[in-house]
Amino acid sequence: MKNLIQYPQYPAIKIGRLAVSKEFQNQHIGSLMIDWVVGFCRNLGNEIGIRFVSVDAYNNTKTVNFYNHNQFVELESVNKKNRRNIPMYRDICEKLN
């Protein structure tokens, strides 16, 4: 379920650039890096109060599906048409299924 989240109201850490070398793609390394970032933020959140990890995902199906697979959701209030990047976020306090 998507929530209406507005970045200025919630403490977040942004993933600025996430990439895996072509020779190592499709080995779940990107997902492992995200898991590490989320774990780091949960620990850091005990000190400074982080609630979300955010990313501006490149606007193509493969990239958006990758982040969806890693529990990120699209920011609903954004019109995706003609956008280069799609703002997405993951609630690090939410329990995984």
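When a residue number appears, it is its place in the shown sequence, counting from 1.
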Set of residues satisfying side chain to side chain donor-acceptor pair (under 3.5 Å) with respect to Asn60, sequence neighbours excluded: Thr63
Leu44 reachable from Leu18 in the ILVMFWY side-chain graph, under 4.5 Å edges: yes
Ignoring hydrogens, what is the shortest heavy-atom contact between Met33 and Ala19? Give both atom names and the distance. CE-O, 3.7 Å
Calculate, to the nearest 0.5 Å, the distance between atoms OH and CD1 belonging to Tyr67 and Ile15 respectively. 5.5 Å
Val38: what forms a side-chain contact (heavy atoms from CB on, under 4.5 Å) with it, not counting sequence neighbours? Ile34, Arg42, Val53, Arg90, Ile92
Pairs touching residues 24-39 that satisfy side-chain hydrogen bond (donor to acceptor under 3.5 Å, both in side chains), sequence neighbours left out: Ser31-Asn70
Is there a path of hydrophobic side-chain contacts, each under 4.5 Å between heavy atoms, that joins Tyr58 and Phe72? no
Could you grab the distance from atom CG of Asp56 to atom CG of Leu75, nearest 0.5 Å is fine? 9.5 Å
Smallest heavy-atom separation, Ser54 atom then Ala12 atom, equals OG-CB, 4.4 Å
Keeping to residues at least two apart or across chains, list the salt bridge (Lys or Arg N to Asp or Glu O under 4.0 Å) pairs with something in residues 44-54. Arg51-Asp91
Please identify each residue that fulfils ring-ring contact (aromatic ring centres under 6.0 Å, His included) with Phe66, with sequence neighbours left out. none
Glu74 to Asn68 - nearest heavy-atom pair and separation: OE2-ND2, 4.4 Å
Under the rule for side-chain contact (heavy atoms from CB on, under 4.5 Å), what residues qualify as partners of Ser21, not counting sequence neighbours? Glu23, Phe24
